[in-house]
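I have placed the structure first, in the form of structure tokens, so that the comments after it can refer back to it.
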Amino acid sequence: MDHEVIMAGFGGQGIMLIGTLLTYAGKEEGKAVSWLPSYGPEMRGGTANCAVCVSDDSIASPVVVEPTAAVVMNRPSYEKFKNMVQPGGALIVNSSLVPDEEIRGDIEVYRIPANDVARELGSDRVANMVCLGALLGAREIVKVETVISVLRKVISQRHHSLLPLNEEALWRGYRLVKA
Amino acid sequence: MDHEVIMAGFGGQGIMLIGTLLTYAGKEEGKAVSWLPSYGPEMRGGTANCAVCVSDDSIASPVVVEPTAAVVMNRPSYEKFKNMVQPGGALIVNSSLVPDEEIRGDIEVYRIPANDVARELGSDRVANMVCLGALLGAREIVKVETVISVLRKVISQRHHSLLPLNEEALWRGYRLVKA
Amino acid sequence: MEKRVVFKEDHCKSCELCISVCPKKIIRLRTELNRLGYHPAYVSDEDQEKCISCALCARMCPDAVIQVWRP
Amino acid sequence: MEKRVVFKEDHCKSCELCISVCPKKIIRLRTELNRLGYHPAYVSDEDQEKCISCALCARMCPDAVIQVWRP
Amino acid sequence: MIPVYTRPKSLTDVVTHYCPGCPHGIAHRLVAETIDELGIQERTVGVASVGCSVFSYNYFDVDFQQAAHGRAPAVATGIKRVNPECIVFTYQGDGDLASIGMAEIVHAAVRGENITVIFINNAIYGMTGGQMAPTTLVGQKTTTSPFGRDPSTQGYPVKISELLSTIKGAHYVARFSLHNPANIQRAKQGIKKAFQNQIEGKGFSLVELLSTCSTNWGMTPQNALKWLEENMIPEYPLGEFKTGEGE
Amino acid sequence: MIPVYTRPKSLTDVVTHYCPGCPHGIAHRLVAETIDELGIQERTVGVASVGCSVFSYNYFDVDFQQAAHGRAPAVATGIKRVNPECIVFTYQGDGDLASIGMAEIVHAAVRGENITVIFINNAIYGMTGGQMAPTTLVGQKTTTSPFGRDPSTQGYPVKISELLSTIKGAHYVARFSLHNPANIQRAKQGIKKAFQNQIEGKGFSLVELLSTCSTNWGMTPQNALKWLEENMIPEYPLGEFKTGEGE
Amino acid sequence: MSESLLMKGNEALAEAAIRAGCRFYFGYPITPQNEISEYMARRLGEHGGVFVQAESEVSSINMVYGAAGAGGRVLISSSSPGISLMQEAISYIAGAELPCVIVNMSRGGPGLGGIQPSQSDYFQATKGGGHGDYRMIVLAPATIQEGCDLMATAFELADKYRNPVMVLGDGMIGQMMEPVVFPEVLDATELPPKPWATTGAKGRKRNIISSIYLDPEELDAHNWRLEEKYRKIRESEVRYEVLHGDDAEWFFVAYGTVARICTAVIQRLRKEGVKAGLIRPISLWPFPDEAFEKVADRAKGFLTVEMSTGQMVEDVRLAVNGRKPVYFYGRTGGAVPTPRSVERRLRDMMDGKVPSQTDYFDRVGGAK
Amino acid sequence: MSESLLMKGNEALAEAAIRAGCRFYFGYPITPQNEISEYMARRLGEHGGVFVQAESEVSSINMVYGAAGAGGRVLISSSSPGISLMQEAISYIAGAELPCVIVNMSRGGPGLGGIQPSQSDYFQATKGGGHGDYRMIVLAPATIQEGCDLMATAFELADKYRNPVMVLGDGMIGQMMEPVVFPEVLDATELPPKPWATTGAKGRKRNIISSIYLDPEELDAHNWRLEEKYRKIRESEVRYEVLHGDDAEWFFVAYGTVARICTAVIQRLRKEGVKAGLIRPISLWPFPDEAFEKVADRAKGFLTVEMSTGQMVEDVRLAVNGRKPVYFYGRTGGAVPTPRSVERRLRDMMDGKVPSQTDYFDRVGGAK
Ligand SMILES: Cc1ncc(C[n+]2csc(CCOP(=O)(O)OP(=O)(O)O)c2C)c(N)n1
Ligand SMILES: Cc1ncc(C[n+]2csc(CCOP(=O)(O)OP(=O)(O)O)c2C)c(N)n1
Ligand code: SF4
Ligand code: SF4
Ligand code: SF4
Ligand code: SF4
């Protein structure tokens, strides 16, 4: 399978981190991977996004124009990407920040109140993990366990105390979709 | 007739001036003219030269490679240009600074002790005029009178007292050849 | 009610600099996000009375969010 | 004759700075030109004796033309 | 109700792209207030530089040119020479003015160019993500001085106000700080003087404003201002270095 | 006979292309003497700049690089960083160093780059035929200030030594003149110090040498030196501006 | 019509610029174009204009950016290394669509090179030495008279298209002297208005001069809008001269001073019955493809002669597009191709003795 | 062979340079290549190397000149506007024949433009943005792995030919992350000796690094000597990749990241029976003419795809030399050509619906 994923949100929401985690996890599982961030000052206070490709064979182009799945963590990202997802693709929407509305019927839409869930878990900051978990519930790109195993490599040592919280958030997101 | 003249000497010998005079005189006589100097720091203490074209119809190129006549006022110029003059051309040599030697027989060579003549006239500085006079004696490019008439335009006002001396020098050079 | 200190909330970026300079400590952040994704600063209707119109917050605010009046 | 002040005449450019600083006024220009086209400076054999080896000329000369010895 | 503080009319009504708490916004406000107070909005031309303030032309409601990195003083010179009746100011960061633009700022001062320069010194490259600036303090960590600025290989902080004060053509050179309302008020007076000088044809004026970059310093805006006060001011003393008196 | 003054061995035995009486030749001689006396000929690398001294590499018998106009300090930095054991000096005119090369010289000083700079200030562009330099005196006529330098549009002379003295990384900054043997002797001592500093790893040293350009000033060499003494020295006071003491 | 004057090329160009309404000049000394600056320093003031000697070429071209943006009619001049330093700002000027005229009296390179005439900045001028997709109109005069005429054209085109225009000469045309007739001084009040200039936003919305577009779609649109302008220029502003276009079989292709040398050779060759002709591009960009279109069928070959190791020859090959052989002959660094060597090269080519341009890389022999 | 690592392109290139023996890096901040500087600032010291952040690109490239002349293995990196500022010095470096590697992670222009990926510096890199006749070897990687491999090649070629070498990437390759395998660290003692370097004239005649030749004949000879070297490089250092060279009829021509997009399109087209192929120049200069030679007979047409308004397409036309139609499709300013639009353009071209490249100037439609 070729997965071409876009993840998007506010600058501070940890979008790049979940993109990186997905990429590392894909590599860990022996797949071909690429990660392409949006970059530069538009990230300053604005929105950020990254494109992650995970493929069983090889990746021709790291550019994702019509994603097979997208995670949108805020409203501007939702507006920007909701129509780009391929028919049959998956769209994970952070419903804590994106109001409900009528949307195209040819894709699977998962509304996850990521910020609310995260706050419940104890920290707004793991909303990104909730979303990543939800994505993996919707599409089996990599195993949640693999993400958890690369988490400790990617997250800097001094934040390792937060690992359990992150794991918990991943699983919560995953289960919200799977349930 | 197409005259393609090169004039060359030390930086301070007034080479550019006699080139300019010849050009102005040519224009004054209704001919097509061009003047192309060597330029830049090689003139600093080194040698200077200029190429003057005077033609009855039009001048294709201001570049002179095989002059119909050349005036060489010092030894390095003599060495550089003596072999470039066209067969049948004229070479005016400042014999005050260039020692006598055997030279090709297919050109007319005029040895003029320009510095000695100039000193005789009262100033080393008019050696250039002696040479220009000699050139006009050897080749009727323009009339000496025309040169004299443009002299007062080209030479700055405050040197006008020197006009008679310059005229004298021109005629002396002219006559040295004509005689 | 006439307000002494008015916030253009959709320009606010929650930098909290106004809060840090307010001598009366009456500026707070909202729990809701504005459309920029920030929790905007505001002074509650009750606290408007406490404002002494010193305008320190307005002079400090990097986003020209705040306007101040005095009665 | 051993000279006190020796000129590398083919390097000289007749700037006359040596002349201007020589306290003994013994430096002169030749009437002949050198191969650069200048009248080189020199001190005549007779005047060598008058040289006090102060080397001011050598220190002034921009072309390192001059070398100076003392007996 | 009587207005105590209202939004200057020379500021456009858009949200800036600056990070939360970035003093670029404060400096903008002060310049806009000055333009309003001097009544020169219709003859002011701003020159934006390359740095976080590259889009400052979006925020000032006056004519603007965007200049190449470091070259704002040259661009301003071009504008001023064509239209001497215009009030021309540049708005430059420390990377822009004190690093790549060193020759241009020095020579604008040398020519005594009748322009006003607003110079934001935040000791770092903001827009490009936190590299060392010439104004970075000794020991300060940035992405290109990851072990702290080492004077033995990277030199000492450049003091633009002190350096430009040696230049005769510089009429007014002063340094202020933006770390609290009192200092902001002082900065405002300096900025106003710098524009006033131009109106009176007195020549080159530069106002250096100590600022922060909480994003790249990795601090909250408040802590950044505190760090500025405690670390930058000792290195960059505040004051008017040159006021054109006695020339 | 005992030698009082002999030709330095670090000078090659060729006739320079300089005009008669040009003090570039004097400065060359002093540098060569210094190289000889310090015994560093085999580890010295010179950097020639763009100006009349562009060919200085023909006259010094040491390794040399020819740098782009104004960039000699950057080139010297590159050389020095690769081979710190080499003694690296630049030789620059005032157009080169004080005009186009302003950013490079200031920042070499800021970095405290351990190099030596010989700076020839002759108040004019020599090689290109006598245009105004940043160092041209007020009222001085040049081909681009044909009515005399007008400070209202062309500013005042740049004082490099004064300007660089404000920079902490600059260890030694001094100005001398080449107008007579006594001053030449003093200049020699300054040049030697500037090289000695580098040998001792003390950082950036610059020696400014007041010079003439009789060709473009339109004077005899002697009159030019007199003009220097009477007009330049009052504007450019001689002396050591910074000697690194107390740092 | 005023009478003809003998003038140095550089000074004549400066005078022509003033007569064309140029009132702002920014420069920095460099041989062989200093006479332009010096003339401006002496004369611009008389016309109420402003001469500024900047601290560097980088600064001077950015002053031009500011002055052009402020609505001035602006000239700058320099020579090869100085022009290289301007590449960033030229890209800015093109990106922000500002009108100005840039003179390059080019000299031998690369690096510090020499100060004698050269044509080795052709690529830089015509392909864009700066970054990004932009184009500069490039005009190359062969005589001082043409240089003066093109100077007026250059200012017109710059304003018409809001684009930088380069007048590309070489040391020879800058330094030589030949007679020239100047047009009357242009009435500066008749210059086209520039409502977009930053003159102070009085009674209008503010004007902004900028070249930044962080949004890719916007920048893309901007680039294709520029490209559309460039297409118009390609259609309307091609300039060239053809000698003996009606019967020539062997064409020299040369521009600027080198074209004059070729003309001299053609005169000689024609006397001997050789059907030689000349295509002389005057606008180097836009390149006069159409001149080749017209003669490609009859022509037996093209000999490009340049003072470079071969730059314009690529545009000639693009124009000829494989239909006929294209040959090259060049001298560099101030060494001027001599009539004799140019003639010999053409004769060799007629005899099939030189390799065709497809493998013209083997042209090192060109040096002798 | 070490195991593969996930790394950002910029950091991978920096690491590759260090492993290739680079010990001197000079830079100035600019997006999108800052990670190269930052990596060097962190890591070069560990290897006894020197990182200097210069005050500007002008200064940094002149530091490179000095350091390269002193015998160092030197890297510099920047992006489009910064590279424009280096043009004078690059011309000096080429003229003085100094080896160094220059990375351009190019971004959208002209002017300040944008910071997203672009290929609009092709002309500047390959034709010479600086003055004079000189050439730079230009290598364009399509993947991070290739970038790292080419980094080593770049240093080798630089030393071998004493010439600057550019690695031309774009923001995309600099910012993306994909797995990469690094070679072993090169033994710095095995680097070729540089007897010409200015290291102090101990026990030898003095060395002089210069590019000035005031005598035209000398400069001419110098230029033709350089041209002779460039000829050798053209003969020996052409690099390219061809996909489906054995049977393709329609060729994409693309380099760098755009080639990857074309590859994806080719995969799709082939499934539907379209005989599509790719010519991917890796060395942009010397341009791989020979790749076209080999397929020109069979090919029905070439579609050049670039993130520019059409630059490399000129070299493609020169290589094809009129034998087959050459088409163009481009997006600019960070807008990346989408697989869908590239495919549509090829299909249009197969249906004869797009104008041939001879009038490709009418390509404004390319924007949509
Ligand atoms: C010629 C050139 N070099 C580099 C850059 C990249 N660049 C953009 S902003 C910037 C520096 C910004 O720093 P500063 O001037 O301190 O302003 P701040 O962002 O901190 O406000 C640089 C180097 C550029 N755009 N152009
Ligand atoms: C980039 C560049 N700009 C301009 C020049 C032309 N140029 C050659 S020498 C020189 C200035 C020389 O003046 P100065 O540095 O004062 O030295 P001097 O000749 O007086 O000794 C200039 C501007 C150049 N070679 N390169
Ligand atoms: S200072 Fe301004 S932007 Fe910051 S929190 Fe207060 S109102 Fe909001
Ligand atoms: S100072 Fe030197 S160059 Fe000048 S005249 Fe005396 S010896 Fe000759
Ligand atoms: S990066 Fe720094 S300077 Fe730039 S807007 Fe943010 S806080 Fe301000
Ligand atoms: S032009 Fe001036 S500086 Fe140059 S060599 Fe002559 S006198 Fe010396």
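Residue numbers begin at 1 in each chain, while the letters A, B, ... track the order of the sequences.
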Using only atom types and a distance under 3.5 Å, with no angle test, would you say the side chain of [X] pairs donor to acceptor with the backbone of [Y]?
{"X": "E/Gln65", "Y": "G/Ile209", "answer": "no"}
{"X": "G/Tyr92", "Y": "E/Gln66", "answer": "no"}
{"X": "E/Asp63", "Y": "G/Thr199", "answer": "yes"}

In terms of heavy-atom pairs under 4.5 Å, which option from G/Ala54, G/Ser210, G/Ser211 contacts chain E the most? G/Ser210

Which residue out of G/Ala96, G/Gly72, G/Ala70 racks up the most heavy-atom pairs below 4.5 Å with chain E?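 Among the listed options, the one with the most contacts to chain E is G/Ala70.
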
Quick one: OG1 on E/Thr77 to CG on G/Asn62, what's the gap to the nearest 0.5 Å? 10.0 Å

Check whether any side-chain heavy atom of E/Phe55 sits under 4.5 Å from a side-chain heavy atom of G/Ile212, and report yes or no.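 The answer is yes, as the side chains (C-beta and beyond) meet within the 4.5 Å cut-off.
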
Do G/Val58 and E/Arg71 touch side chain to side chain, with heavy atoms closer than 4.5 Å?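 Yes, close enough: below the 4.5 Å cut-off.
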
Heavy-atom proximity to chain G below 4.5 Å, by part of [X]:
{"X": "E/Ala67", "result": "backbone"}
{"X": "E/Val50", "result": "side chain"}
{"X": "E/Val62", "result": "backbone"}
{"X": "E/Asn83", "result": "side chain"}
{"X": "E/Val106", "result": "neither"}

Please give me the minimum heavy-atom distance between [X] and [Y], naming the atom from each residue.
{"X": "E/Glu104", "Y": "G/Glu55", "answer": "CA-OE2, 3.3 Å"}
{"X": "E/Glu42", "Y": "G/Gly203", "answer": "OE2-N, 4.1 Å"}
{"X": "G/Arg206", "Y": "E/Tyr57", "answer": "NH2-O, 2.9 Å"}
{"X": "G/Gly66", "Y": "E/Ile79", "answer": "O-CG1, 3.4 Å"}
{"X": "G/Gly200", "Y": "E/Cys86", "answer": "N-SG, 4.1 Å"}

Is there a side-chain contact (heavy atoms from CB on, under 4.5 Å) between G/Thr198 and E/Phe64 once you walk through the steps? CA-CA 7 Å; G/Thr198 57; E/Phe64 244 86; 6.0 Å; no

Considering only heavy atoms and a distance below 4.5 Å, find which of E/Arg111, E/Glu85, E/Arg43 pairs most often with chain G.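 Of the options given, most contacts go to E/Arg111.
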
Would you mind checking which part of [X] comes under 4.5 Å of any heavy atom in chain E, side chain (CB onward), backbone (N, CA, C, O), both or neither?
{"X": "G/Val74", "value": "neither"}
{"X": "G/Arg204", "value": "side chain"}
{"X": "G/Ala68", "value": "neither"}

